Amino acid sequence: MFLQLINIETRKLIKHPMLWLALAGLFGLIGCYFAARYAIMANSIQHEPVDTHGLELDLHVGLGLFGFINIIFCAAAAALISANDFPDRGVQVWLARGTPRGLLMAARLVVILFFGFVVVITAAFAILGFAALMRTLFLGGYSTQNLDWSQILPASLRIFWGTVPYMALTVLLAVVSRSPLFSTGGALVFRAVVENLLAHLVERFPYFTRLLPSQLAFVLEFYTFSLDRTARTMTPGSQFLSEPQAVLAIGAMLLFFGGLSIFIFSRQDWGG
């Protein structure tokens, strides 16, 4: 039954027009960014030589940009998958058929995580494609000499894992509020406002601020420098957790938020 639920939720997501609008918006942002980037660079080169590096720099910069804006797409997708049928009580159809509540929510969490990973992989190759296209149009060609292709998947996994706490939080807010809109907005407010306020407590609570999702995501994003074969090995500094610690901390958040979402959903009143 669990695999069947995953299949059904996946097909529901693929058929939803908001998914394709969101992906179109993502591609549009990436395309516009690299068009502007290389239009400016082409103009600068006319006046003095500029070291443009190769696609390894584009991918690194592009993933950094995506890491900044992906909360919008991932939170919206998480809310859409987990709570799209909450406002009109369509979820009651599942419950009336005897579908275990915990199993239903667990299946939706799996689909959310899988979709989040697919979005990151798609974004990575979209970045490479648009960067190569814009380099060719504005600079006359591109280079992949220093790009370590074997590091694209690990780098994408790091970016994806950095978004997991926000997706899990969105699911929890969706279950509590029963509103996709509120849960999406709540996750964005947490990232843009609450975390920034908490980050100012670094001097008083240095160990606490290390565990903020944005700080954990930064640790993982930092190590995408490995995309460049010529890059020197670096560390983010003692004020941050190590990469393994950040990975484990995010895993703990996923278990906590996901488990709490299943617990609350399993005890909610959906009668009437």
Side-chain angles (χ1 to χ4, degrees), residues 5-37 39 58-59 61-91 93-94 104-105 107-134 137 152 156-157 159-175 177-193 213 217 261:
L5 286 173
I6 291 177
N7 181 48
I8 292 172
E9 293 295 333
T10 301
R11 285 192 283 113
K12 284 169 55 181
L13 176 63
I14 292 175
K15 292 179 181 178
H16 204 289
M18 288 301 298
L19 168 66
W20 302 107
L21 287 174
L23 289 176
L26 176 61
F27 290 156
L29 283 174
I30 294 173
C32 289
Y33 170 77
F34 281 106
R37 173 183 173 86
D58 293 322
L59 184 54
V61 172
L63 286 176
L65 171 68
F66 177 73
F68 180 74
I69 64 173
N70 66 354
I71 176 63
I72 301 173
F73 299 97
C74 291
L80 178 67
I81 297 168
S82 62
N84 186 50
D85 56 356
F86 282 7
D88 60 2
R89 291 181 173 266
V91 69
V93 176
W94 287 106
L104 176 60
M105 188 53 62
R108 292 185 174 185
L109 279 168
V110 170
V111 174
I112 288 167
L113 293 175
F114 177 74
F115 172 77
F117 177 67
V118 169
V119 168
V120 176
I121 290 292
T122 302
F125 284 98
I127 289 167
L128 287 174
F130 279 114
L133 175 62
M134 297 306 166
L137 291 176
I152 293 179
S156 300
L157 281 170
I159 299 297
F160 157 71
W161 200 240
T163 67
V164 165
Y166 300 106
M167 291 190 289
L169 176 62
T170 303
V171 174
L172 177 59
L173 293 175
V175 170
S177 67
R178 305 189 184 189
S179 168
L181 184 60
F182 178 88
S183 57
T184 302
L188 294 177
V189 169
F190 176 79
R191 174 63 185 89
V193 180
S261 299

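Being a predicted model, the structure only gives us computed values, none of them experimental. In what follows, every heavy atom counts, from backbone to side chain, and hydrogens, waters and symmetry copies are set aside.
Shortest non-hydrogen contact noted between Ala75 and Ala187 is CB-CB, 4.1 Å. For the pair Ser183 and Ser177, the tightest heavy-atom approach, listed with the atom from each and the gap, is N-OG, 4.3 Å. Taking every heavy atom of both residues into account, Thr184 and Ala79 meet most closely at OG1-CB, 3.1 Å. Here the shortest heavy-atom pairing between Thr10 and Ile6 reads OG1-O, 2.7 Å. Nearest heavy atoms, Ala168 versus Ser261: O-OG, 4.4 Å. Closest heavy-atom contact between Ala107 and Leu5: CB-CB, 3.7 Å.
Contact check for Ile112 versus Ser82: side-chain heavy atoms found under the 4.5 Å cut-off. You'll find the side chain of His16 reaches within 4.5 Å of the side chain of Leu80, heavy atoms only. The side-chain heavy atoms of Tyr166 and Pro213, taken from C-beta on, include a pair separated by under 4.5 Å. Using a 4.5 Å heavy-atom threshold, the side chains of Phe73 and Leu19 count as separate. Residues Met167 and Ile71 have side chains not in contact (no heavy-atom distance under 4.5 Å, counting atoms from C-beta outward). Between Val119 and Asn70, the closest side-chain pair of non-hydrogen atoms is not below 4.5 Å. By the 4.5 Å heavy-atom criterion applied to side chains, Phe66 and Leu26 are counted as neighbours.
The closest donor-acceptor contact from the side chain of Trp20 to the backbone of Ile14 lies under 3.5 Å.
Separation of atoms CZ (Phe27) and CD1 (Ile30) is listed at 7.0 Å; rounding is to 0.5 Å. Taking CG of Asn84 as the reference point, atom CG of Leu13 lies at 9.5 Å (rounded to 0.5 Å). Atoms CG and CG, from Asp58 and Leu65 in turn, are 12.0 Å apart once rounded to the nearest 0.5 Å. Put simply, CD1 on Ile81 and CD on Glu9 are 8.0 Å apart, with the number rounded to the nearest 0.5 Å. Atoms NZ and CG, on Lys12 and Asn7 in that order, are 12.0 Å from each other to the nearest 0.5 Å. Here the CG atom belonging to Leu157 is positioned 12.0 Å from the CD1 atom belonging to Ile152, to the nearest 0.5 angstrom.
Contacts classified as ring pair (Phe, Tyr, Trp, His ring centres under 6.0 Å) and involving residues 112-133 (residues at least two apart or in different chains) are given here: Phe117-Phe160.
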**Q.** Stepwise side chain to side chain contact (heavy atoms under 4.5 Å, CB included) test for Phe34 and Leu133
**A.** CA-CA 9 Å; Phe34 281 106; Leu133 175 62; over 6 Å; no

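Applying the 6.0 Å contact sphere to CG of Leu137 captures more than 12 heavy atoms from other residues, nucleotides or ligands.
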